[in-house]
> 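Questions regarding the structure given below will be posed in turn.
Basis for what follows: all heavy atoms, side chains included, without hydrogens, waters or symmetry-related copies.
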Amino acid sequence: LSTALVDIKSKSIQSLYIRGFLSLEEYAEVARIKDSDLHDVQQSGALVLSLNVEKPGYFDDYRVRKAFSLVLDRARIAETVFFGRFNPSASFVAPNLWAYVSEEDIVASESGVVSSYQQNLKLANELLSDAGWREHPITGIRFNGKNEEFSFIIRTDHDPVRSKLALEIAKHLELLGVRTSVATTQFSVLLRDFLLPGNYDAALIVIDPGADPDPYFFLHSSQTLFSGFNVSNFTSLSVDKLIERGRGYVETDIRFDVYRQLQELWRKEIPSVVLGYPMDTYIRPVGSPDWDRKIVFSSADRFFDIHLWPQ
């Protein structure tokens, strides 16, 4: 990054697209660059807490998955982990994408009452209790009918931001009386030894379908256990049929309705817990056309109007 900043400050390059996290100090240095326009651009990939539904008595109960989604204060996460450069969301379809339905970007309670993606600790506790996880009267730790403590490991790779985020998730889950530890490893090991064989409890990963929000590879039942990237092992005939219908049409209005229904089912079932979408940083030359794209799917997208840039 330091070399790239030297180049753009010296005008050796006209623009710079910085993928991923910047510290407050780094962002402040970028913001001080003269004769440039600075833009925050949403990534297309969602940060997701994948819960292995093959773990019986735990994440196979949708009430537990909903409770986990409800306890997460995504607005706080945006500030504490990403310094505000994060778009909180509970939807697997990225905000600002053509198929995104904001009305479905919520978390539902058992009674049908809905809350936003912000924290709702009361409903989260009620859901865990309804699912048979009772609180210890002294410690507050949750136990099931077999006197098993609710504890598990969140796995992720060595990326420092994802590691920090996993620890923040663990703090939130403590509010429910759930004990959580975090383990990191190389991504190749995480994928080979834990995710694909379903040998894990929970994992913090990125899901990015790209410009087309087709969730086949991470949601269809044919993509579980080494067959694809449905690492949560969630299966639903209704979801499968909708995914297949969406793939069978090119008409946008038909596909929009399909993805609306899929987002509705996601809200009800919570196959995995979406936290939101991080921001990239894009520096453009002063005098270039107004930048109105809120999401970028590939590095090449940033050059769509380069022919209009000042020479």
Side-chain angles (χ1 to χ4, degrees), residues 45-74 77 89-92 106-110 117 119-120 123-125 127-133 142 144 148-157 162-163 165-185 190-191 193-208 215 217-221 223-226 228-236 239 262-263 265-276:
L47 279 166
V48 176
L49 180 65
S50 178
L51 303 173
N52 189 357
V53 301
E54 291 284 293
K55 188 175 175 64
Y58 288 75
F59 307 130
D60 58 338
D61 192 325
Y62 67 95
R63 292 172 295 187
V64 173
R65 301 195 298 269
K66 283 186 180 180
F68 280 22
S69 190
L70 282 164
V71 78
L72 294 175
D73 188 342
R74 291 166 173 83
I77 287 171
S89 174
S91 174
F92 76 90
I106 50 181
V107 183
S109 73
E110 286 299 280
Y117 48 70
Q119 185 183 57
N120 193 319
L123 284 176
N125 274 302
L127 284 167
L128 274 190
S129 296
D130 290 345
W133 290 96
R142 296 273 180 174
N144 60 16
E148 296 172 327
E149 183 181 277
F150 202 151
S151 62
F152 65 94
I153 299 172
I154 299 176
R155 298 192 178 274
T156 192
D157 61 10
R162 283 192 282 275
S163 299
L165 177 56
L167 291 170
E168 187 67 28
I169 292 171
K171 290 179 183 178
H172 281 69
L173 293 175
E174 286 179 3
L175 300 174
L176 292 177
V178 176
R179 283 184 171 168
T180 310
S181 58
V182 174
T184 65
T185 187
L190 177 67
L191 185 64
D193 294 348
F194 299 102
L195 296 179
L196 292 181
N199 184 30
Y200 77 102
D201 301 323
L204 182 61
I205 59 175
V206 176
I207 291 179
D208 188 357
F217 80 99
F218 66 85
L219 193 56
H220 196 275
S221 62
Q223 301 299 295
T224 60
L225 297 177
F226 289 106
F229 205 62
N230 182 355
V231 294
S232 70
N233 298 304
F234 175 85
T235 59
S236 165
V239 168
L262 280 170
Q263 288 169 82
L265 285 173
W266 185 284
R267 170 175 60 82
K268 293 177 179 178
E269 296 289 338
I270 316 290
S272 294
V273 178
V274 176
L275 291 97

> Can you confirm whether or not the ring centre of Y200 sits under 6.0 Å from the ring centre of F59?
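So the answer is no for these two rings.
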> Donor-acceptor check, side chain of N125 to backbone of S129, threshold 3.5 angstrom: yes or no?
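Pair absent, no side-chain N/O of N125 close to backbone of S129.
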> State, to 0.1 Å, how close L70 and A124 come at their nearest heavy-atom pair, and which atoms those are.
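Looking at all heavy atoms of both residues, the closest pair is CB-CB, 3.9 Å.
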> Judged by atom type as modelled, is there a donor-acceptor pair below 3.5 Å linking the side chain of N52 to the main-chain atoms of G198?
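Yes; at least one donor-acceptor contact below 3.5 Å.
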> As a quick check of understanding, evaluate side chain to side chain contact (heavy atoms under 4.5 Å, CB included) for V273 and V48, giving each step before the final call.
CA-CA 6 Å; V273 178; V48 176; 5.8 Å; no
> Have D193 and N199 got a donor and an acceptor in their side chains that come within less than 3.5 Å?
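Per modelled atom types, D193 and N199 side chains form no pair under 3.5 Å.
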> Do we see a donor-acceptor contact under 3.5 Å between the side chains of S151 and R142?
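Checked: S151/R142 side chains show no N/O donor-acceptor pair below 3.5 Å.
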> Hey, could you give me the CG/CG distance between L190 and L195, rounded to the nearest 0.5 Å?
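The CG atom of L195 is 4.0 Å from CG of L190, to the nearest 0.5 Å.
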> Which atom names give the shortest non-hydrogen contact between P215 and F92, and what distance separates them?
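Nearest pair, atom of P215 first, then F92: CB-CE1, 3.8 Å.
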> How long is the gap from OG1 on T180 to CD1 on I169, to the nearest 0.5 Å?
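Reported value, rounded in 0.5 Å steps: 9.5 Å.
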> Minimum heavy-atom separation for A90 and W266, please, with both atom names.
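A90 and W266 have their closest heavy atoms at O-NE1, 3.6 Å.
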> Measure from the side-chain N and O atoms of Q119 to the backbone N and O of L72, and report whether any donor-acceptor pair falls under 3.5 Å.
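No; zero donor-acceptor contacts below 3.5 Å.
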> Is there a donor-acceptor contact under 3.5 Å from the side chain of R65 to the main chain of E269?
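Answer holds: yes.
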> Donor-acceptor pair, distance only, cut-off 3.5 Å: does the side chain of T235 make one with the backbone of S221?
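Absent.
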> Mind checking what makes side chain to side chain donor-acceptor pair (under 3.5 Å) contact with Y58, not counting sequence neighbours?
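Not a single residue meets the side chain to side chain donor-acceptor pair (under 3.5 Å) criterion with Y58.
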> When you measure from the side chain of N230 to the backbone of H220, do you find a donor-acceptor pair of N or O atoms at a distance under 3.5 Å?
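Yes; at least one donor-acceptor contact below 3.5 Å.
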> Looking at every heavy atom in both I77 and E168, which two are closest together, and how far apart are they?
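Smallest heavy-atom distance, with atoms named: CG1-CG, 4.0 Å.
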> List the steps, then state whether side chain to side chain contact (heavy atoms under 4.5 Å, CB included) holds for I153 with S181.
CA-CA 5 Å; I153 299 172; S181 58; 3.4 Å; yes
> From the options R155, R179, K55, select the one residue that forms a salt bridge (Lys or Arg N to Asp or Glu O under 4.0 Å) with D201.
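When salt bridge (Lys or Arg N to Asp or Glu O under 4.0 Å) is applied between D201 and each of R155, R179, K55, only K55 qualifies.
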> Of all heavy-atom pairs between S69 and I270, which one has the smallest distance, and what is that distance?
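Minimum heavy-atom contact is CB-CG2, 4.4 Å.
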> Heavy atoms only: give me the nearest S50-I205 pair and the separation to one decimal.
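Answer, listing the atom of S50 first, then I205: CB-CD1, 4.0 Å.
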> Between F150 and L128, is a side chain to side chain contact (heavy atoms under 4.5 Å, CB included) present by the stated rule, with each step listed?
CA-CA 10 Å; F150 202 151; L128 274 190; 4.1 Å; yes
